[in-house]
Amino acid sequence: METAPAEPTDISEELRSEWEGEQDKLKTKLVLENCEPWQSKLEEGLQYVGGVDLSFVKGDDVNACSSLVVTSYPDLKVVYEDCCHIQLTAPYIPGFLAFREVPFLVESFERLKKKNPELMPQVVLVDGNGILHPKEFGLACHLGIILDIPTVGVAKKLFQVDGLEKNAEHADKVKQLAKGGDTFPLIGASGRILGKALRSSDNTENPVYVSIGHKISLETAVCLVHQCCKYRIPEPIRQADIKSREYLRRLFPEQNSQDEKT
DNA sequence: GCGACAG
DNA sequence: ATCTTGTCGC
C-alpha cells in the first residue's frame, strides 16, 4: 500500500511541468517577423511550400501516419510527398500538441533533406496554431524553431485562449467576412494580435485561424495561406492530409468499416 | 469548483 | 484526431 498507483492526473501534471519548461526555453528563440527576401514579394522568390499533417487509425491511439508534402508555388502542384507509419507515445494534452507530433515531423524533414534536399520548402504550413496558443507557443512555433525554418499555424477551430471565445460577437465577425481573403484580427486579453481569422475562399463560410509560427510576419503569413487555398484548407496541408489517410487505409484495411468484436 | 480545450 | 448519409449546387 506504499505504492499508490499513479493516477493519470499525476502523470499529466508531471508532463505538464516538464513540457512547460521546455516551451519556455524554446520560446526564447522565437522570431515573429519576416527574415528572408522572398517574404516581401511571394511571386518573385517563393518556390516551395511545405505542409505537414498526422492522421490516425480509428479506434487506435498508437498507430498513425506522419505526412509531409511539398508543393510548388504559386501553382500548388505536389512535387514531393512522404508518408510514414508511426507509433505515438505522448498523449494529447491541449496546449502541448507539439510534444506529441514534432518528433515525427522532424524525422520527415530529415528524410527530405537526405533524399531531395533541393525540394526543401522555404516555409511550412502546419495544421495547428502558432502563437495563437495559451503560452503563445503552439505546434507551428515549436516545429519552426527545431527546424529553424519559417512556419505558419493554420487551425480549423479557434483555440480558446487569452480571452478569445467563439461567442456571438465572434460569430458576427465571421458573418461579415464576405469573400476569400477577408480577415479580422484575433486580439487576446493581452491586447496583442495573436492571429487572424481568414476566409480562405469565396466558397467557404468557416474561416481558418492563421498565426505566426516562426520567422514570418502575420501579414505575410495570412497572404501566403490565402494564396495557397483552392479550398478551405491550404493545399500543402490538405494534400498531406489526403496522402496520410490513403496510406493508413492501405496499411489497416480492416479498420475501415465498423467491425466491433462481440 | 466548473467549464474550455489545436490535433 | 475519427465516424456517417444525405443533400445542396455547379
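Sequence lines set the chain letters: A, B, ... in the order given, protein chains first and strands last, and positions in each chain run from 1.
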Atom-pair distance (CZ on A:R249; P on C:dC3), nearest Å: 11 Å
How is A:F96 classified with respect to the nucleic acid when contacts are heavy atoms under 4.0 Å: base, sugar-phosphate, or nothing? base
Could you tell me how far apart A:L158 (CG) and B:dG7 (P) are, to the nearest whole angstrom? 10 Å
With centres under 5.5 Å and planes under 30°, do A:Y92 and B:dG7 count as stacked? yes
Roughly, in whole Å, what's the span from NZ in A:K230 to C1' in C:dC10? 17 Å
So, A:R199 side chain and A:E205 main chain: donor-acceptor pair closer than 3.5 Å or not? no
Here the distance between atom P of C:dA1 and atom CG of A:D241, to the nearest Å, is 8 Å
A:G153 near the nucleic acid: base, sugar-phosphate alone, or nothing, with a heavy-atom cut-off under 4.0 Å? nothing
For the pair made of CG in A:D60 and C1' in B:dG7, what is the distance, rounded to whole Å? 16 Å
Do A:F96 and A:H142 have ring centroids that are under 6.0 Å from one another? no
Salt bridge or not between A:K175 and A:D172? Use side-chain N to carboxylate O under 4.0 Å. no
Where is the tightest heavy-atom contact between A:V123 and A:I216, given as atom of each residue plus distance? CG2-CD1, 4.4 Å
Looking only at the side chain of A:K58 (C-beta and beyond, no hydrogens), which of the listed nucleotides B:dA6, B:dA4, C:dC3 gets closest? C:dC3
Provide, to the nearest angstrom, the distance between the CZ atom belonging to A:F159 and the P atom belonging to C:dA1. 14 Å
Rounded to whole angstrom units, what separation is found between the CZ atom of A:R245 and the P atom of C:dT4? 11 Å
Rounded distance in Å - CG (A:D127) to P (C:dT2): 10 Å
Looking at the side chain of A:N129, which of B:dG7, C:dT2, B:dA6 is the nearest nucleotide? B:dA6
Regarding the side chain of A:K156, the nearest nucleotide among C:dA1, C:dT2, B:dC5 is C:dA1
Taking A:R238 first and then A:E235, would you say they form a salt bridge - that is, a charged N and a carboxylate O separated by under 4.0 Å? yes
